[in-house]
Structure formats: C-alpha cells, structure tokens
Amino acid sequence: VLKDMGVVKMVLLLAGSIERAKQQVEAHLTSLAAPYEWLWGGDDATFTRLDAVGAPLPCDDLTLEELDAALRKYSILEASIHSIPPVQNIGALSLSAATFKHSLCAEAAARKASYAQILHARAQKALHANVAAMDDLGSSLRIEVSDLDSIRSATNHLRVVRQKDGVVAQEFLPVEEMYALLVKHGAHVPKDEASAVSA
C-alpha cells in the first residue's frame with residue numbers, strides 16, 4: 001500500500017503541474033491574441049466593402065489625413081507584431097509564435113497596401129493631370145509666328161504662362177505631399193513617377 005501511495009502522490013503532483021501549464025498556456029495565448037483580434041475580425045471602421053475573396057477594402061473617400069493615419073497605424077502595428085517573441089517557454093513546453101506572427105504581418109501588410117493603393121491612385125491621377133496641363137501650356141507656346149494674329153495669340157499664351165507661373169508650385173504641392181506619404185510609409189513608387197514629382 002505504501003508503494004501505491006507514492007504513485008498516487010506522483011500522479012496528483014503531475015496532474016496539478018499539467019493543469020498549471022495548461023492555464024499558463026491559455027493565458028499566454030489569450031494575451032498574445034487579444035490585442036490583434038480586431039485585425040482578423042474585420043472590425044476596422046474604415047473598411048466597408050469586400051473584395052472578390054471577401055477581404056475588407058478601405059473606403060475611397062478618405063481624406064489625406066485619414067489615409068496618413070491609417071498607414072501610420074498599420075506601420076506601428078507591423079512593428080509591434082515583429083516585437084512579439086518568437087518562442088515562449090512555459091514549463092516543459094516551448095510555444096512558437098512564428099506562424100501567428102507571419103499571419104498577422106500578412107494581414108496588416110495587406111490592409112496597409114490597400115490604403116497605399118488608394119493614395120497612389122490619387123497621387124498618380126493628380127500627377128498626370130498636372131503634367132498634362134503643363135504639356136498643354138508648352139504646346140501652346142510652340143506656335144509659329146507668321147502674321148499679326150499669330151503674334152496676338154502667342155502674346156495671350158505668354159500671358160497665361162506668366163499667370164500660371166506662380167500657381168504651378170502650389171498645384172504640385174498636394175501631389176508632392178501624397179508621394180512623400182507613400183515613400184514615408186514604405187509604399188512602392190515607380191521611378192518615372194518619382195522623377196516626374198522631383199522634376
């Protein structure tokens with residue numbers, strides 16, 4: 001009977017140890033997942049539509065400040081995800097968070113890319129409009145002067161160019177701001193667009 005009592009005691013100690021480890025694992029998993037539940041739950045107020053596979057898409061009518069705030073939010077989120085320890089030891093268990101971190105980073109990066117895509121589309125549209133306006137002004141100055149009417153027309157075009165001269169920088173300022181936000185948040189900007197903005 002004495003031998004049986006030792007076995008019973010060991011079984012009880014082992015069961016208690018396993019129960020404590022189970023509670024610690026559950027607490028760790030809850031503390032790890034709780035801050036990010038909204039990310040995979042789709043609980044982002046700026047996402048109101050779904051794409052072809054059911055993933056939420058951001059609204060197209062966000063202001064520049066809202067887009068900047070969203071891009072900043074997801075940049076900070078990515079940094080916080082990367083700061084999660086890759087392995088947590090609990091008792092004799094070693095819990096790996098690599099897959100969890102990878103999934104969270106992928107979701108945060110996808111949402112950040114959605115916002116960057118909207119901002120890039122706006123910036124690209126504004127850039128093309130401004131470049132087209134400059135090209136129109138430039139082509140209007142390439143008229144051949146042969147008579148008095150063509151001199152009058154050329155003078156009118158020069159007057160328009162002089163009036164536009166002070167406004168051009170102001171018209172390009174929002175475009176430069178949008179591209180600066182894209183670069184600041186690590187979004188890809190094609191070389192031809194970057195050179196057109198810096199020119």
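Numbers here simply count residues along the sequence, with the first being 1.
- Looking at L95 and V87, their side chains never come closer than 4.5 Å, going by heavy atoms from C-beta outward.
- Here the shortest heavy-atom pairing between I90 and A21 reads CG2-O, 4.2 Å.
- In this structure the side chain of R122 reaches within 4.5 angstrom of the side chain of I118, judged on heavy atoms.
- Using a 4.5 Å heavy-atom cutoff, the side chains of L93 and V25 are in contact.
- W38 and F100 fall within the same hydrophobic cluster, where Ile, Leu, Val, Met, Phe, Trp and Tyr residues are linked whenever their side-chain heavy atoms come under 4.5 Å apart, directly or through other members.
- Sparse packing is recorded around CD of Q117, with 12 or fewer heavy atoms of other residues, nucleotides or ligands lying under 6.0 Å away.
- Counting heavy atoms from C-beta outward, L62 and L119 have side chains that stay 4.5 Å or more apart.
- Taking all atoms of both residues into account, the shortest heavy-atom contact from A123 to V175 is O-CG1, 4.2 Å.
- L173 is linked by a side-chain contact (heavy atoms from CB on, under 4.5 Å) to E176, E177, counting only residues two or more places apart in sequence or in another chain.
- Contact record, S198 with S195: OG-O, 3.2 Å, taken as the closest heavy-atom pair.
- Shortest non-hydrogen contact noted between P85 and A97 is O-CB, 3.7 Å.
- D147 and S150 share a donor-acceptor pair across their side chains, judged by distance under 3.5 Å alone.
- Residues F172 and V197 have side chains not in contact (no heavy-atom distance under 4.5 Å, counting atoms from C-beta outward).
- Within the structure, side-chain hydrogen bond (donor to acceptor under 3.5 Å, both in side chains) contacts touching residues 180-191 (residues at least two apart or in different chains) are D68-H185.
- S75 contributes a side-chain N or O that, together with a main-chain N or O of L71, makes up a donor-acceptor pair within less than 3.5 Å.
- At least one donor-acceptor pair under 3.5 Å links the side chain of E66 to the backbone N or O of T63.
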R152/L148 under side-chain contact (heavy atoms from CB on, under 4.5 Å): CA gap, chis, key distance, verdict: CA-CA 6 Å; R152 191 174 302 127; L148 193 57; 3.8 Å; yes
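- By the criterion of side-chain heavy atoms lying less than 4.5 angstrom apart, applied directly or through intervening Ile, Leu, Val, Met, Phe, Trp or Tyr residues, L127 is grouped together with L64 in one hydrophobic cluster.
- Both V183 and L67 are members of a single hydrophobic cluster when ILVMFWY side chains are connected at heavy-atom separations under 4.5 Å.
- Across every non-hydrogen atom of I81 and C105, the tightest pair is CG2-SG, 3.3 Å.
- Residue R72 holds its CZ atom at 10.0 Å from CD of E65, rounded to the nearest 0.5 Å.
- Hydrophobic cluster membership differs between V8 and L14, with clusters built from Ile, Leu, Val, Met, Phe, Trp and Tyr side chains linked at under 4.5 angstrom.
- No continuous path of hydrophobic side-chain contacts links M5 to L13 [ILVMFWY only; heavy atoms under 4.5 Å].
- Looking at H120 and Y115, their side chains never come closer than 4.5 Å, going by heavy atoms from C-beta outward.
- Every pair passing side-chain hydrogen bond (donor to acceptor under 3.5 Å, both in side chains) that includes a residue from residues 80-104 is listed here, sequence neighbours excluded: Y36-S80, N89-S94.
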